[in-house]
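These figures come from a predicted structure and were not determined experimentally.
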Amino acid sequence: MKGTRRKARAMALQALYEIDSVGHKAGEVLSRILAAGELSEENAEFVRNLVEGALQNRDNIDKRIKEFAPAWPLHQLSVIDRNILRLAIFEILIDNKMPVKVAINEAVELAKNFGSNSSSRFINGVLGSISSLAENKNS
C-alpha cells in the first residue's frame with residue numbers, strides 16, 4: 001500500500017507541476033497521467049482528490065506558504081518545491097485523512113526524489129512549522 005500511495009502522490013505532483021508550469025487544464029492532465037499510471041481505481045481517485053483539492057484551495061495554501069516561508073517569495077520557489085508544499089499542506093491542513101507525520105515524510109521523500117539537494121530540508125522545515133497549525137486545529 002505504501003508504495004502505491006507514494007506512486008500516486010508522485011503522479012499528483014507531476015500533474016500539479018505541469019498545471020503550474022505550463023498552464024494545461026487540470027482535467028486533461030489528470031486524464032493523461034492516470035491513463036499511463038496503471039493505478040487501482042482507489043489510488044486513481046486518491047490522485048484526483050489530491051490534485052483537485054490542492055487546486056481548489058491554492059489561494060489559502062499559498063497564503064500559508066508565504067506565512068511560513070517568508071524569506072522565499074512564492075514565485076521564487078522552484079516549481080517542484082512549491083507544488084510539493086501545496087500537496088502536503090492540502091493533506092495536512094485541509095484533507096486531514098493522513099497523519100501529519102506521514103504527510104510530511106511523504107513530502108520529504110518527494111523532495112528527495114524530484115527536488116534539488118536542499119529541497120528536502122526546506123520542505124521539512126516549512127511543513128514542520130505548518131504542522132503546529134494542524135495540531136492546534138485538532139486540539
Side-chain angles (χ1 to χ4, degrees):
M1 178 79 152
K2 184 177 180 179
T4 55
R5 284 292 167 128
R6 185 163 289 167
K7 179 180 178 182
R9 275 190 188 84
M11 292 171 72
L13 175 61
Q14 181 183 352
L16 289 171
Y17 180 93
E18 183 176 334
I19 293 162
D20 191 21
S21 62
V22 291
H24 291 161
K25 293 184 190 297
E28 294 168 8
V29 172
L30 275 170
S31 294
R32 184 176 32 74
I33 287 174
L34 291 173
E38 300 176 9
L39 292 176
S40 68
E41 184 50 43
E42 179 185 350
N43 283 315
E45 188 60 29
F46 179 66
V47 172
R48 279 188 216 93
N49 288 338
L50 288 176
V51 171
E52 291 169 0
L55 291 173
Q56 289 169 356
N57 294 283
R58 189 160 90 181
D59 290 342
N60 184 34
I61 292 168
D62 286 354
K63 186 176 95 177
R64 295 299 185 182
I65 295 170
K66 290 174 190 172
E67 180 181 346
F68 286 93
W72 292 95
L74 207 55
H75 68 279
Q76 288 183 359
L77 289 176
S78 74
V79 178
I80 280 290
D81 290 356
R82 182 170 56 235
N83 285 289
I84 291 171
L85 286 171
R86 285 174 175 160
L87 196 59
I89 293 169
F90 169 71
E91 282 197 272
I92 292 168
L93 294 180
I94 299 163
D95 196 40
N96 295 316
K97 293 179 184 168
M98 194 65 51
V100 172
K101 287 183 182 185
V102 172
I104 292 172
N105 288 342
E106 290 296 317
V108 168
E109 286 302 314
L110 287 172
K112 286 178 182 175
N113 290 328
F114 300 107
S116 68
N117 289 338
S118 60
S119 290
S120 61
R121 286 188 308 276
F122 173 69
I123 297 292
N124 191 47
V126 173
L127 295 178
S129 297
I130 284 177
S131 69
S132 66
L133 291 178
E135 290 167 8
N136 292 337
K137 184 177 172 183
N138 295 330
S139 299

If I take atom [atom1] from residue [X] and atom [atom2] from residue [Y], how far apart are they, to the nearest 0.5 angstrom?
| X | Y | atom1 | atom2 | value |
| --- | --- | --- | --- | --- |
| N57 | R64 | CG | CZ | 11.5 Å |
| R86 | N60 | CZ | CG | 12.0 Å |
| D95 | L50 | CG | CG | 7.0 Å |
| I84 | L77 | CD1 | CG | 11.0 Å |
| N83 | F90 | CG | CZ | 14.0 Å |
| E18 | I33 | CD | CD1 | 5.5 Å |

For Y17, side-chain contact (heavy atoms from CB on, under 4.5 Å) partners two or more places apart |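 By the side-chain contact (heavy atoms from CB on, under 4.5 Å) rule, Y17 matches S21, V79, I80.
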If we only count heavy atoms from C-beta on, is the [X] to [Y] side-chain gap below 4.5 Å?
| X | Y | value |
| --- | --- | --- |
| L55 | L16 | yes |
| V126 | D81 | no |
| I92 | I89 | no |

S132 side-chain N/O to S129 backbone N/O, donor-acceptor pair under 3.5 Å |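 Yes, S132 side chain to S129 backbone: donor-acceptor pair under 3.5 Å.
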Could you pull out the closest heavy-atom pair between [X] and [Y], with the gap in Å?
| X | Y | answer |
| --- | --- | --- |
| A8 | F46 | CB-CD2, 3.6 Å |
| A15 | L30 | CB-CD2, 4.4 Å |
| L127 | A88 | CD1-CB, 3.5 Å |
| L110 | A10 | CD2-CA, 3.8 Å |
| A107 | I123 | CB-CG2, 3.9 Å |
| R82 | L74 | NH1-O, 2.9 Å |

For atom CD of Q76, is the number of surrounding heavy atoms from other residues, nucleotides or ligands below 6.0 Å larger than 12?
->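 Correct, the count exceeds 12.
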M98, M11: one ILVMFWY side-chain cluster at the under-4.5 Å cut-off?
->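 No, M98 does not connect to M11 through the hydrophobic network.
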Before giving the answer on side chain to side chain contact (heavy atoms under 4.5 Å, CB included), spell out for I104 and S131 the whole-Å C-alpha distance, their side-chain angles and the decisive distance to 0.1 Å.
-> CA-CA 9 Å; I104 292 172; S131 69; 4.0 Å; yes
Start with the C-alpha gap between K112 and E109, add the side-chain angles, then the distance that decides, and say whether side chain to side chain contact (heavy atoms under 4.5 Å, CB included) holds.
-> CA-CA 5 Å; K112 286 178 182 175; E109 286 302 314; 3.6 Å; yes
So which of K97, R5, R9 actually passes salt bridge (charged side-chain N to carboxylate O under 4.0 Å, His left out) with E91?
->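 Answer after filtering K97, R5, R9: R9.
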Only counting residues at least two apart or in another chain, list the ones meeting side-chain hydrogen bond (donor to acceptor under 3.5 Å, both in side chains) with R121.
->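 R121 satisfies side-chain hydrogen bond (donor to acceptor under 3.5 Å, both in side chains) with no residue once adjacent residues are dropped.
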Given side chain to side chain contact (heavy atoms under 4.5 Å, CB included), test V51 with I19 step by step and report yes or no.
-> CA-CA 10 Å; V51 171; I19 293 162; 4.2 Å; yes
